[in-house]
Novice: 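Take this structure, written in structure tokens, and hold onto it; I'll ask about it next.
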Amino acid sequence: MRLLVLLLLLIGGYANAHQFTPTYPKLELSHMPGIMKADMVLFNDRKEIRYYEVNVFDKEWNPVRFATQSKIIPINYKERKYLTIYLSGKGIKRAKYICSKSKILMTVTKPSIVSSRICSKIK
Amino acid sequence: MKKLLLIPILAATANVAGASIPINGFIESKCVIQSDTPGMFGNPTVDKLSTKAADGGVMPIIRYDIVTASKYKAVITTPTDFSTAPNLSDSVEWTSTTVAGQMSDSEMSVFNSDKAIYNNGHTTEFDLVKAGSVWFNVTSEAEYGYGKAFPSGSYTALIVAECIAK
């Protein structure tokens, strides 16, 4: 069984991956008073995806206000982007999940039938 | 003369001396989602679109790589609507299944026995309690009206594959 899986890994021609780390980001003090930040890394290994959206949610999955360079992140294939998420006020206590989701252009119909979303948890 | 003698000695020393260059690596807990096989609808009957191989479709396969066990859960939501389609005047009934197929560790079969299904069977949640790679097979079927023919055109529907830290 393991050999079969290994073979599939080696010969699998079509593979597209989305990575978003760390799993458990820590909020740290930013250079601005009252503002906390979390550093995240997004890696795009999906050929047909050029944009990802970043969002922050509380434990009930309600959106939390945050600031970053851009909510929609343009990213090339095989590119790694370092993002800083800024939170202030009540958002610091409420924020529980930081998520990145692939955005599929309407013009792309093949092969993209899968939208991926990875959520990290603030501990 | 003495200087000339020094040259080969220095050259030999230069060959011996070398800088050791470290290669550092760090494995961190993470979940990687891979769209392994893109799905394709088959059209076995005029009123049906299906990703099943028996219906002429291609079953979408989504691979999850889990570096550390019990850190994430996988949530896979199958389509309940088309993202692109010709104008449809009647209702579409969707049915779907999501199962863990290939797995790098046989103990990952627990993913199937402990999965939770909700949202009228369209969302399946797997607790990723084992590390390794797992391939989730998704089938999706759409039936139009009561035996009504789907209008000709291009149809696209989206599966949402999520990995959520616990």
Side-chain angles (χ1 to χ4, degrees), chain A residues 1-25 38 40-49 52-53 55 57 59 61 96-123, chain B residues 26-41 51 57-68 71-79 82-85 101-106 108-109 132-136 138 140 154-166:
Chain A
M1 181 65 155
R2 288 190 181 187
L3 183 68
L4 178 69
V5 170
L6 186 67
L7 278 171
L8 279 170
L9 281 172
L10 292 172
I11 60 172
Y14 184 90
N16 282 302
H18 166 196
Q19 280 184 43
F20 192 55
T21 50
T23 306
Y24 301 116
M40 305 299 298
V41 184
L42 175 68
F43 178 63
N44 178 35
D45 199 13
R46 296 190 63 182
K47 254 183 193 168
E48 76 284 16
I49 302 293
Y52 284 85
E53 184 181 13
N55 272 305
F57 298 94
K59 63 178 180 181
W61 293 98
K96 201 71 185 167
Y97 297 99
I98 302 173
C99 303
S100 66
K101 186 178 183 183
S102 63
K103 303 296 280 181
I104 299 161
L105 294 172
M106 273 191 78
T107 48
V108 178
T109 52
K110 285 178 190 174
S112 187
I113 199 173
V114 177
S115 170
S116 54
R117 183 168 88 142
I118 298 179
C119 295
S120 298
K121 192 172 188 180
I122 299 167
K123 282 217 166 172
Chain B
F26 174 68
I27 295 175
E28 60 181 339
S29 136
K30 68 180 167 188
C31 173
V32 181
I33 300 174
Q34 304 206 18
S35 169
D36 194 84
T37 306
M40 186 88 75
F41 282 120
T51 60
V58 177
M59 186 170 62
I61 300 173
I62 305 155
R63 173 177 147 192
Y64 278 66
D65 291 337
I66 311 128
V67 172
T68 314
K71 298 285 183 191
Y72 282 96
K73 60 181 177 181
V75 181
I76 297 173
T77 305
T78 52
F82 291 110
S83 49
T84 54
Q102 293 285 348
M103 39 192 85
S104 61
D105 184 340
S106 60
M108 284 176 159
S109 58
S133 296
V134 59
W135 284 256
F136 291 107
V138 181
S140 179
S154 177
Y155 292 80
T156 312
L158 216 61
I159 293 167
V160 180
E162 297 173 274
C163 210
I164 295 165
K166 293 200 285 182

Novice: Less than 4.5 Å to any heavy atom of chain B: does that hold for the side chain of A:Phe43, its backbone, both, or neither?
Specialist: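 The answer is neither part of A:Phe43.
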Novice: Is the Lys NZ or Arg CZ of A:Arg117 less than 6.0 Å from the centre of A:Phe57's six-membered ring, within 45° of the axis?
Specialist: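 Cation-pi check for A:Arg117 and A:Phe57: passes.
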Novice: Would you mind checking which part of B:Ile164 comes under 4.5 Å of any heavy atom in chain A, side chain (CB onward), backbone (N, CA, C, O), both or neither?
Specialist: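 The answer is both parts of B:Ile164.
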Novice: Just by distance, with hydrogens left out, do B:Gln34 and B:Asp65 show a side-chain donor and acceptor under 3.5 Å apart?
Specialist: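 Looking only at side-chain atoms, B:Asp65 and B:Gln34 do form a donor-acceptor pair, the distance falling under 3.5 Å.
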Novice: Measure B:Tyr155 against the heavy atoms of chain A and call it side chain, backbone, both or neither at under 4.5 Å.
Specialist: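 The answer is neither part of B:Tyr155.
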Novice: Any idea which of A:Cys119, A:Ser116, A:Cys99 has the most non-hydrogen atom pairs under 4.5 angstrom with chain B?
Specialist: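 If we count pairs closer than 4.5 Å to chain B, A:Cys119 comes out on top.
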Novice: Using 30° and 60° as the class boundaries, would you call the ring planes of A:Tyr52 and A:His18 parallel, tilted or perpendicular?
Specialist: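 A:Tyr52 and A:His18: tilted rings.
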Novice: Quick check: do B:Tyr72 and B:Ser29 have side-chain heavy atoms less than 4.5 Å from each other?
Specialist: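 They are in side-chain contact.
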